[in-house]
Amino acid sequence: MVILDRTEQLVASSIGWVEGGALSVRNLATNRVTHHPVCDGGYLRLFPIDGDRFLAAAHRVEHDEIVLSVRRFAAPNIVEWSLRCTPHDHEFAGTSSATNGMPRHHLVTFKNEGRWTSFLLEVSEDAKRMILGNLPWYNGDEYDLGYQGLTDVIAMPSSGQVLVSVQRSSTLIVHDVQSETAIGRINLADRGGNPMLRIVGNELWTVDYDTFVRVPLDSRQPACAILVQPGTGPMRQFAGDVSVWKHGRRAIVPRPFSGDVAMIDPVSGTIERNVALGQQPLTCVATSNGRVIARDWKSGDWLEGQIHSQARPWWRFW
């Protein structure tokens, strides 16, 4: 994950197999990169909040623990709020108001005395408690639990429902938080991918393995699906996580096996242009002036490119 601050001067990122339980912050003005430990062992996921603050979710599966913490781009070592959660208890610290606007639903898997169990974790409105919800539809009859882990969760706008994605599945589950039941499904592009979910307005933008998909949430039917990362012969190749270029309301999708990112018009479902980066970009973000900052899949190297505006023809009339 790569996230950008409001000033477009700082980028925060964490790739689990590179940084482990730490995050990196890059200053785009100086290109200086600093490293900030968050937890020993485990891995992090970062979530933007308001351009000033971000949420770090430290998953320590072997320790039966997840720690959520709100930090600022400008001072990532200072924890403004935190909630430490285990299968049996939780511990709150900091200022509850620091959580305004943060994602409150997270997927967690606890060993729980030798029995692996997955839950939907919800942070209470006062930000002082955790609520562990069951996912009864996620079971061995419906999924291969050793092969299909839970991937991502995101709250649907103005509802008590969340979308949940599962590894190697193109079907998203519409989960009702209060009743703890699956009340619907959204079928993507049948590519068997590991969708990471983005809500843009009242739409879902995601990548189903190698295909970008846009789904209006009122119809819950894909409005467009476009192959982003071509395969080699019979072998398919995956694309990276979708990012939103707010300046042009475009989807930006890294293509690790093409060494670039694709800029997609989500309405027409067409690739407007490609931005060469080199290596194998997996996750990226773009500034308002089209500067693309990405991380390499295996090494975590920082990659960079530029979205150039398409020149319009000049016409002269005499």
Side-chain angles (χ1 to χ4, degrees), residues 1-5 10-28 31-49 53-87 90-91 93-94 102-103 105-112 116-119 121 123 130 146-153 165 167 194-197 238 240-243 254 256 277 279-285 293-304:
M1 184 70 175
V2 181
I3 56 177
L4 183 67
D5 84 325
L10 299 173
V11 173
S13 178
S14 182
I15 297 179
W17 51 91
V18 177
E19 281 105 349
L23 63 92
S24 297
V25 175
R26 180 178 173 182
N27 186 310
L28 297 185
N31 286 325
R32 180 172 178 260
V33 178
T34 56
H35 301 279
H36 308 273
V38 176
C39 68
D40 294 327
Y43 67 95
L44 297 183
R45 279 199 65 188
L46 305 182
F47 302 87
I49 299 178
R53 299 166 294 135
F54 65 90
L55 175 69
H59 297 256
R60 304 180 72 208
V61 178
E62 291 299 326
H63 295 80
D64 257 3
E65 178 181 271
I66 179 173
V67 180
L68 306 175
S69 60
V70 172
R71 300 157 185 263
R72 294 188 181 274
F73 284 91
N77 288 328
I78 298 176
V79 177
E80 303 207 345
W81 167 92
S82 69
L83 188 65
R84 174 184 172 273
C85 307
T86 74
H90 52 262
E91 182 181 355
M102 81 171 192
H105 297 91
H106 302 271
L107 298 171
V108 294
T109 299
F110 292 129
K111 190 186 303 183
N112 202 10
W116 294 96
T117 309
S118 296
F119 298 96
L121 185 153
V123 179
M130 71 166 183
Y147 185 71
Q148 294 182 284
L150 296 171
T151 304
D152 199 12
V153 62
S165 59
Q167 286 180 320
N194 308 313
M196 304 301 288
L197 311 176
F238 62 84
D241 299 334
V242 64
S243 178
L277 300 179
Q279 295 183 245
Q280 293 184 294
L282 183 66
T283 181
C284 73
V285 71
I293 308 297
R295 301 288 303 275
D296 177 68
W297 169 25
K298 297 177 181 177
S299 68
D301 288 349
W302 293 86
L303 312 174
E304 186 165 340

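Computation of the quantities below employed the complete heavy-atom set of this structure, encompassing side-chain atoms and omitting hydrogens, waters and symmetry-equivalent molecules.
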Item to complete: Any chance you could lay out the side-chain hydrogen bond (donor to acceptor under 3.5 Å, both in side chains) test for S69 and R71, step after step, and finish with the verdict?
Response: CA-CA 6 Å; S69 60; R71 300 157 185 263; 2.9 Å; yes
Practice prompt. Any chance you could lay out the side chain to side chain contact (heavy atoms under 4.5 Å, CB included) test for L121 and C85, step after step, and finish with the verdict?
Written response: CA-CA 9 Å; L121 185 153; C85 307; 3.7 Å; yes
Worksheet entry | Euclidean distance, H63 NE2 relative to T86 OG1, rounded to 0.5 Å | 13.0 Å
Worksheet entry | Distance in Å, M1 CE paired with F47 CZ, rounded so as to fall on 0.5 Å steps | 7.5 Å
Discussion item. Could you check whether R295 pairs with D241 (Lys NZ or Arg NE/NH1/NH2 to Asp/Glu carboxylate O, under 4.0 Å)?
Written reply: no
Item to complete: Determine, stepwise, if the pair I293 / L4 fulfils side chain to side chain contact (heavy atoms under 4.5 Å, CB included).
Response: CA-CA 9 Å; I293 308 297; L4 183 67; over 6 Å; no
Response to the item:
Taken to the nearest 0.5 Å, the spacing of W116 CH2 from D64 CG works out to 7.0 Å
Discussion item. Any non-hydrogen side-chain atom of I15 less than 4.5 Å from a side-chain atom of L282?
Written reply: no
Fill in: Heavy-atom pair of closest approach, residues M102 and W81
CE-CH2, 3.5 Å
Worksheet item: Nearest heavy-atom pair of L55 and P103: which atoms, and what distance?
Response: CD2-O, 3.8 Å
Item to complete: Mind listing the closest non-hydrogen atom pair of P48 and F54 along with its distance?
Response: CA-CB, 4.4 Å
Fill in: Distance (rounded to the nearest 0.5 Å) between L28 CG and W302 CH2
8.0 Å
Worksheet entry | Nearest heavy atoms of Y147 and Q167, plus distance in Å | O-OE1, 3.8 Å
Worksheet item: Could you state the interatomic distance from CD1 (I66) to OG1 (T109), rounded to the nearest 0.5 Å?
Response: 9.5 Å
Item to complete: Applying side chain to side chain contact (heavy atoms under 4.5 Å, CB included), run through Q279 and D301 and close with a yes or a no.
Response: CA-CA 9 Å; Q279 295 183 245; D301 288 349; 3.2 Å; yes
Worksheet, complete the sentence: Value for CG (L107) from NE2 (H59), rounded to nearest 0.5 Å, stands at 8.0 Å
Worksheet entry | Distance-minimising heavy-atom pair for F238 and P256 | O-CD, 3.5 Å
Report, one line per pair, each donor and acceptor closer than 3.5 Å where one atom sits in a side chain of residues 34-43; sequence neighbours left out.
from: T34; atom 1: OG1; to: H36; atom 2: NE2; distance (Å): 2.7
from: H35; atom 1: ND1; to: S24; atom 2: OG; distance (Å): 2.9
from: H36; atom 1: ND1; to: N77; atom 2: OD1; distance (Å): 3.0
from: H36; atom 1: ND1; to: N77; atom 2: ND2; distance (Å): 3.3

Worksheet item: Under 4.5 Å between any side-chain heavy atoms of M196 and T151, yes or no?
Response: yes
Item to complete: Report the residues that fulfil side chain to side chain donor-acceptor pair (under 3.5 Å) with S165, sequence neighbours left out, ordered by chain and then residue number.
Response: none
Worksheet item: How far apart are the closest heavy atoms of V25 and P76, and which atoms are they?
Response: CG2-CG, 4.0 Å
Response to the item:
Partner of V2 under side-chain contact (heavy atoms from CB on, under 4.5 Å), picked from S13, C284, P281, is S13
Fill in: Residue list, side chain to side chain donor-acceptor pair (under 3.5 Å) with R26, at least two apart or on another chain
N31, E304
